[in-house]
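Let me begin by presenting the structure, written as structure tokens, before commenting on it.
Predicted model, so just to flag it, every value in this text is computed and none were measured.
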Amino acid sequence: MGFMNKQVFRLGFSLLLAFCLGFGSLVSPAMALRQEQKLVSEVWRIVNRSYLDETFNHQNWADVRQQVLKNPLPNYQAAYRAIQKMLKSLDDPFTRFLDPEQYRSLQVNTSGELTGVGLQIALNPQTGGLEVITPIEGSPAEKAGLRPRDRILKIEGLSTENLTLDEAATRMRGPVGSVVTLLIAREGKEDKEVILVRDRIELNPVVAELRLSPQGKPIGYLRLTQFNANAAMKLARAINSLEKKGAVAYILDLRNNPGGLLQAAIEVARQWLDSGTIVYTVNRQGIQGNFEAFGPPLTQDPLVILVNEGTASASEILAGALQDNKRAHLVGETTFGKGLIQSLFELSDGSGLAVTIAKYETPKHRDINKLGIKPDEVIPQKPITREQIGTEADSQYQVAMELLTKDSVVAGS
């Protein structure tokens, strides 16, 4: 009996010891993780549960994390590099890490203020090259003549070939009054070095004027330069003011508007629509969400929207919504073609993570990513200066004005 008790005790002790060892093997690595390793794991988990592509660019996402954590991470800079390497494996330029300074800068940007050269940039999803979406109106970049689709080959002599989007943006930022030199490539032209003086850029997203057509018809002209936190409120005030002044039709100029906040685009669409779907969002499970207009609109007057290749992202959501609902006639050139939606996450150390969580489709289920939106009236235009926008030199504007002065033109025709 004593022998059996000893055996049971030994067996129980062995099981307890095995359990403790097993439990310890599960717990101790997590407990031993440094703050830098925890940050890498935090990013990995967010991407794991949120990223649009459930194949993670056809790789084992768990193995990616394991490989990254094998390497020593002695400080946060090493962790940031490891995170960037991990995200680069997704081959998605829009899913990106932002260090604390970059994250604060992005928050300021979407709030309506900007410091720097005034360039909206992107990595071309097909070539991986750094290119201009659009220069900000009134910015050093716009005054220097930079245009949508210009390729940025070098920043201060450094090739942009292996830079992330945020690394490139950081190198173009700096104190007001300081100088940065860019090497620019443009289709059909020789590469050109451009010297820019950094400045503080005031972002008023709305320009509004009441104009008369050649026939004396009062037309409300609205130019929306980006979808920041103030855009919907500013535009609503502008529309109400133009209505009181007697506007009977509108031109909404979205040319060179690089986008911004999804919610701002939805709120602006609701200002024009009585009802109907504004946009569908599709996540990695194929589940479709949708945003609807519920009326009443601020105006039902005829509307023409001006677009070009610098019209991107949230601008394309708005243009597609109003085109598919037959609320507006689109004039200009095919838009940029960014149909992916990112969500921004704040991380434990004050840095940030932008993750592609969904794609969007227009109300008629058009996927415009890399394709863009083709306008109803395709009107090519030679480059014009900021002062020539909305003048006789602006051929796209002139076509919009002609459409709105025709007696047969009504909203949505």
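Contact record, Glu42 with Ser348: OE1-OG, 2.8 Å, taken as the closest heavy-atom pair. Nearest heavy atoms, Met86 versus Ser89: O-OG, 2.6 Å. Smallest separation of non-hydrogen atoms from Val304 and Ala400: CG1-CB, 3.5 Å. In this structure, Asp324 and Thr362 approach most closely via the heavy-atom pair OD2-OG1, 2.6 Å. The shortest heavy-atom contact between Asp349 and Pro100 is O-CG, 4.0 Å. The shortest heavy-atom contact between Pro214 and Met401 is CD-CG, 4.2 Å.
For the 3.5 Å distance criterion, the side chains of Tyr250 and Glu243 qualify, holding a donor opposite an acceptor. Side-chain polar atoms of Arg96 and Thr164 form no donor-acceptor pair below 3.5 angstrom. A donor-acceptor pair shorter than 3.5 Å can be found between the side chains of Gln323 and Arg366. Between the side chains of Tyr221 and Asp253, a donor-acceptor pair is found at a separation under 3.5 Å. A donor atom on one side chain and an acceptor atom on the other are found under 3.5 Å apart for Asn308 and Asn256. Side-chain contact annotation: Gln342 with Thr95, donor-acceptor N/O pair under 3.5 Å absent. In summary, the side chains of Thr170 and Gln102 do present a donor paired with an acceptor at a separation below 3.5 Å, with no hydrogens or angles considered. Judged by distance alone, the side chains of Asn228 and Gln226 do bring a donor and an acceptor atom under 3.5 Å apart. With hydrogens and angles left out, the side-chain atoms of Asp92 and Thr356 include a donor and acceptor closer than 3.5 Å.
Contact of the Leu163 side chain with the Arg171 side chain is registered, since non-hydrogen atoms from C-beta on lie closer than 4.5 Å. In this structure, the side chains of Thr181 and Val194 stay at 4.5 Å or more apart for every pair of heavy atoms. Looking at heavy atoms from C-beta onward, Ile46 lies in side-chain contact with Val355 at the 4.5 angstrom threshold. Side-chain contact between Leu273 and Pro297 is absent, with no heavy atoms from C-beta onward closer than 4.5 Å.
Between Phe97 and Tyr80, the ring planes are tilted. Angles from 30° to 60° get that label.
In this structure, CD1 on Ile83 lies 8.0 Å from CG on Leu353, to the nearest 0.5 angstrom. Taken from OG1 in Thr335 to CG in Leu330, the straight-line distance is 8.5 Å, to the nearest 0.5 Å. Interatomic distance, Phe227 CZ to Leu235 CG, rounded to the nearest 0.5 Å: 8.5 Å.
Arg284 and Asp53 are not joined by a salt bridge, as no carboxylate oxygen comes within less than 4.0 angstrom of a charged side-chain nitrogen. Ion pair Arg149/Glu131 flagged as a salt bridge, since at least one NZ, NE, NH1 or NH2 atom sits closer than 4.0 Å to an Asp/Glu carboxylate oxygen.
Results of the salt bridge (Lys or Arg N to Asp or Glu O under 4.0 Å) test with Asp394 over Lys382, Arg223, Arg255 single out Arg255 as the only residue that passes.
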Verdict with reasoning, Leu90 to Gln59, per side chain to side chain contact (heavy atoms under 4.5 Å, CB included): CA-CA 9 Å; Leu90 296 171; Gln59 62 181 337; 4.0 Å; yes

Criterion ring pair (Phe, Tyr, Trp, His ring centres under 6.0 Å) on Tyr51 and Trp61, from CA distance to verdict: CA-CA 11 Å; Tyr51 188 57; Trp61 189 236; 7.6 Å; no

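No more than 12 heavy atoms of other residues, nucleotides or ligands lie within 6.0 Å of CD in Glu101, so this atom counts as exposed by the packing criterion. The local environment of CD in Gln215 is crowded, with over 12 non-hydrogen atoms from other residues, nucleotides or ligands closer than 6.0 Å. Counting heavy atoms of neighbouring residues, nucleotides and ligands inside a 6.0 Å radius, atom CD of Glu161 does not exceed 12 of them.
Checked by atom type and distance alone, the side chain of Asn124 never pairs as donor or acceptor with a backbone atom of Gly128 at under 3.5 Å. A donor-acceptor pair is defined here as one N or O able to donate and one able to accept, closer than 3.5 Å; no such pair exists between the side chain of Glu292 and the backbone of Ile278. Using modelled atom types, one side-chain atom of Arg34 and one backbone atom of Pro74 make a donor-acceptor pair closer than 3.5 Å. Between the side chain of Glu346 and the backbone N or O of Gly352 there is no donor-acceptor pair closer than 3.5 Å.
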